[in-house]
Amino acid sequence: MASQRTPLYHYRVKDKIVGPICLTDLHALLVSKKILPDTMIREEHSQCWMPLATELRRQERLARLRASAFMLSCRPPKSCLLFYIIALLLLACGVAHSIMLHTILYMEVVFVPAIAFFMGKMLMYMHLLTGGMRKMPAQEPER
């Protein structure tokens, strides 16, 4: 699989074209106020000029999309499936017990299985929040 190459950019300062430079360095120049957000930039092999702020917003949106794609592709831990099975068994046992007693006990039929289901959901979300997801592959430097 070919690694993605970091795009390089050129920028204009007082009718002079400077570059190529990576977007991280452009951001550093922006932070140090050596260039402005409306500084015109273009990708290395492109002829289209655009403001730096536009490209920074686009890259930020792409980073958020990549992060959310990794979050969605993450599988919950197998132990949360155990909580769902326990919730289903508790519900079945509660219903069977209520049928045998000819009375519905709210605690057995609804409340206890709901707690087990809730614990399974919480385990799944905690797994995502605490970094249980797959690590994002590091970009390899171009050779």
Shared hydrophobic cluster for Leu56 and Met40 (ILVMFWY, side-chain gaps under 4.5 Å)
no
Could you please spell out the steps behind the side chain to side chain contact (heavy atoms under 4.5 Å, CB included) verdict for Tyr11 and Leu26?
CA-CA 9 Å; Tyr11 66 98; Leu26 279 170; 3.5 Å; yes
Looking only at heavy atoms, which two atoms of Leu29 and Ile21 are closest? And how far apart?
CD1-CD1, 3.9 Å
Counting only N and O atoms by type, is there a donor-acceptor contact under 3.5 Å from the side chain of Ser32 to the main-chain atoms of Ala28?
yes
Test of understanding: with side-chain contact (heavy atoms from CB on, under 4.5 Å), list the residues that count as partners of Ile86, not counting sequence neighbours.
Leu82, Leu90, Ala116
Heavy atoms of Pro51 and Asp38 approach each other most closely as CB-CA, 4.3 Å
Hydrophobic cluster membership, with links at side-chain heavy-atom distances under 4.5 Å among I/L/V/M/F/W/Y: are Leu30 and Val13 in one?
yes
Side chains of Cys22 and Leu8: closer than 4.5 Å at any heavy-atom pair?
yes
Could you walk me through whether Met50 and Ile41 satisfy the side chain to side chain contact (heavy atoms under 4.5 Å, CB included) test, starting with their C-alpha distance in whole Å, then the side-chain angles of each, then the deciding distance to 0.1 Å, before giving a yes or no?
CA-CA 5 Å; Met50 70 183 111; Ile41 67 167; 4.1 Å; yes
Provide the full list of side chain to side chain donor-acceptor pair (under 3.5 Å) pairs with a residue in residues 42-59, sequence neighbours left out, each pair given once.
Tyr9-Glu55, Glu55-Arg58, Glu55-Gln59
Looking at side-chain heavy atoms only, is the closest gap between Leu23 and Thr6 below 4.5 Å?
no
Can you tell if the side chain of Arg12 reaches within under 4.5 Å of the side chain of Thr39, non-hydrogen atoms only?
no
